[in-house]
Amino acid sequence: MRLEEKLFLDTYRVETTPHIKIIQPDLCLKCQHHQCTFVCPVDVYKWDENQRKIVVGWENCFETGTCLVACSEFNNIDMIYPRGGYGISYKFG
Ligand code: SF4
């Protein structure tokens, strides 16, 4: 089974409030590579050139925590896990 087929089997229940936020949006202006936009497997983070900030699509989060590692230079991402019953449910781990 291909990865895309496995991911399609996962389900999630979207929380009512964001569980991810950028702590200081202005710090992202100093971040040279915006690596959070490359490492997330489901593209939660996007650089908006018009607004000059990271836009967070937290509703799609697969809770991998990859973004926290990627932002180790600035530690500018605040992520908690959604409360019980919300967030991703993996079918095959
Ligand atoms: S990696 Fe961190 S500091 Fe850099 S753009 Fe993403 S959230 Fe901002």
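We count ligands from 1, going down the list as the structure has it; atoms in each ligand are counted the same way.
Listed by chain and number, the protein N, O or S atoms at a distance under 2.8 Å from atom 8 (Fe) of ligand 1 are Cys28 SG.
In this structure, the separation between CG on Asp48 and SG on Cys28 is 12.0 Å, given to the nearest 0.5 Å. Taken to the nearest 0.5 Å, the CD atom of Gln35 stands 11.5 Å off from the OH atom of Tyr45. Here the CD1-NZ distance, from Ile77 to Lys21, works out to 13.0 Å after rounding to the nearest 0.5 Å.
Ring geometry for His34 versus Trp47: interplanar angle under 30°, hence parallel rather than tilted (30 to 60°).
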Verdict with supporting geometry, Tyr90 and Thr11, side chain to side chain contact (heavy atoms under 4.5 Å, CB included): CA-CA 7 Å; Tyr90 288 103; Thr11 58; over 6 Å; no
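For the pair Cys67/Met79, a side-chain contact is recorded, criterion being any heavy-atom separation below 4.5 Å from C-beta on.
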